[in-house]
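The structure appears below as structure tokens.
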Amino acid sequence: MRILLVEDDKNFCETLVFQLQREHHLVDVCQDGRDGLDLLLQDAYDLALLDRMLPTMNGLLVLKKARDRGITTPVILITALGELYDRIEGLDCGADDYLVKPFAYEELAARIRSLSRRSNICSPQAVQSFCDISYDSSLRLLSGPAGDLVLSGREAQLLELFLQSPGTVLRRLTLLSRVWGADAPVEEGNLDTYIHFVRKRLNQAGSRLSIQTVRGIGYLMEDGHAS
């Protein structure tokens with residue numbers, strides 16, 4: 001799971017990142033409210049852990065602005081403010097859960113698992129099927145009417161994103177952030193190159209699926225023979 005941690009306590013961040021990475025999560029850290037909002041708006045994360053008291057913009061405002069822009073990323077507020085009013089205010093602003101510091105990491109891990117079950121974000125099926133293909137993520141194996149082939153890492157990540165949202169337009173920024181990372185120094189042309197590779201793989205597998213370019217927005221995978 002790719003997690004965004006927005007928290008200005010450096011020692012707390014280091015400890016939490018170590019624990020999250022030990023459970024094989026990918027973690028990006030931001031210690032500023034405005035920067036945290038910019039990252040959330042990229043829609044590149046499966047989950048965000050958001051402190052309430054942050055420099056430049058408090059966590060509740062970050063959350064409200066993100067929700068107003070249509071960002072549905074699950075958010076757990078992590079804060080020292082634990083009164084009933086604080087909890088209600090946080091949940092009303094769009095938080096999916098609220099955890100009061102100090103807390104045991106085991107409790108946070110349990111809440112992450114709970115959110116992942118509700119959101120289907122943590123444990124995708126190893127084998128996904130759509131239209132005339134199946135894809136085994138554990139082997140990076142694409143199977144279609146014309147046979148099987150193994151995808152490269154980037155090709156696999158892109159195909160998995162399309163299979164998670166077939167028939168949905170995926171924005172360029174979302175694809176870049178999810179595949180290469182929110183802060184990765186990657187040129188947009190790299191995305192076009194790998195989209196070309198995925199199209200080629202689908203064709204080699206004999207699939208009728210197509211990845212359409214939605215100009216100025218992103219890409220859409222759909223059944224090329226659908227009426």
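In this chain, numbering begins with 1 at the start of the sequence shown.
- Side-chain contact between Y98 and R52: present, with at least one pair of heavy atoms (C-beta onward) separated by less than 4.5 Å.
- Contact between L40 and A48 at its shortest, heavy atoms only, is CD2-CB, 3.9 Å.
- Between the side chain of T79 and the main chain of L81, a donor-acceptor pair closer than 3.5 Å is present.
- With rounding to the nearest 0.5 Å, the separation of CG in L163 from CG in L209 is 8.0 Å.
- L141 and Y194 fall into different hydrophobic clusters, defined by Ile, Leu, Val, Met, Phe, Trp and Tyr side-chain heavy atoms under 4.5 Å apart, directly or through other members.
- Tracing side-chain contacts under 4.5 Å through hydrophobic residues (I, L, V, M, F, W, Y), one never reaches L220 starting from L161; they form parts of separate clusters.
- Counting only heavy atoms from C-beta outward, the side chains of F162 and Y219 approach each other to under 4.5 Å.
- No side-chain heavy atom of Q157 sits less than 4.5 Å from a side-chain heavy atom of L151.
- Of all the heavy atoms in C30 and D35, the pair that sits closest is SG-CB, 3.4 Å.
- Using a 4.5 Å cut-off between side-chain heavy atoms of Ile, Leu, Val, Met, Phe, Trp and Tyr, with links allowed through other members, I3 and F18 fall into different hydrophobic clusters.
- Pairing each heavy atom of G36 with each of V62, the nearest pair is C-CG1, 4.5 Å.
- Neither V17 nor L26 shares a network with the other; the hydrophobic side chains, linked directly or stepwise wherever heavy atoms of I, L, V, M, F, W or Y lie under 4.5 Å apart, form separate groups for each.
- In this structure R199 satisfies the salt bridge (Lys or Arg N to Asp or Glu O under 4.0 Å) test with no other residue, sequence neighbours excluded.
- E7 places a side-chain N or O within donor-acceptor distance of the main-chain N or O of D9, the cut-off being under 3.5 Å.
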What do the steps show when you test Q128 against Q164 for side chain to side chain contact (heavy atoms under 4.5 Å, CB included), and what is the final call?
CA-CA 9 Å; Q128 297 171 275; Q164 290 169 15; 4.2 Å; yes
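- At least one side-chain heavy atom of I112 sits less than 4.5 Å from a side-chain heavy atom of L47.
- Atom-to-atom distance recorded for R172:CZ and I217:CD1 is 11.5 Å, nearest 0.5 angstrom.
- Taking both residues in full, the closest heavy atoms of V100 and R87 are given as CG2-NH2, 3.3 Å, listed atom of the first, atom of the second, then distance.
- Listed for the R67 side chain is a donor-acceptor partner under 3.5 Å among the backbone atoms of I71.
- Looking only at side-chain heavy atoms (C-beta outward), Y105 and L108 come within less than 4.5 Å of each other.
- Using a cutoff of 4.0 Å between basic side-chain nitrogens and carboxylate oxygens, E107 and R111 are scored as salt-bridged.
- Between atom CZ of residue R178 and atom OH of residue Y45 there is a gap of 10.0 Å, rounded to the nearest 0.5 Å.
- Rounded to the nearest 0.5 Å, atoms CG (D28) and CZ (R2) are 6.0 Å apart.
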Go through the steps for L191 and L158 under the test side chain to side chain contact (heavy atoms under 4.5 Å, CB included), then give the verdict.
CA-CA 9 Å; L191 174 59; L158 279 170; 4.0 Å; yes
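- Between the OG1 atom in T73 and the CG atom in D43 there is a gap of 5.0 Å [rounded to 0.5 Å].
- T213 places none of its side-chain heavy atoms less than 4.5 Å from the side chain of D192.
- Considering all non-hydrogen atoms of both residues, S129 and S134 come closest at OG-CB, 3.6 Å.
- Taking the side chain as every heavy atom from C-beta outward, F197 and R154 never approach each other to under 4.5 Å.
- When all heavy atoms of G90 and L63 are compared, the closest pair comes out as O-CD2, 4.0 Å.
- Atom CG of L149 sits about 5.0 Å away from atom CG of L142, to the nearest 0.5 Å.
- Sparse packing is recorded around NZ of K200, with 12 or fewer heavy atoms of other residues, nucleotides or ligands lying under 6.0 Å away.
- Atom CZ of R171 has more than 12 neighbouring heavy atoms from other residues, nucleotides or ligands inside a 6.0 Å radius.
- Under the 4.5 Å side-chain heavy-atom criterion for Ile, Leu, Val, Met, Phe, Trp and Tyr, I88 and I78 are members of distinct hydrophobic clusters.
- Using a cut-off of 4.0 Å between Lys/Arg side-chain N and Asp/Glu carboxylate O, D68 and K64 are scored as salt-bridged.
- With 3.5 Å as the limit, one finds a donor-acceptor pair spanning the side chains of R201 and Q204.
- A 4.5 Å side-chain heavy-atom check between L54 and T56 finds every atom pair outside the cut-off.
- No donor-acceptor pair closer than 3.5 Å links the side chain of D51 to the backbone N or O of V6.
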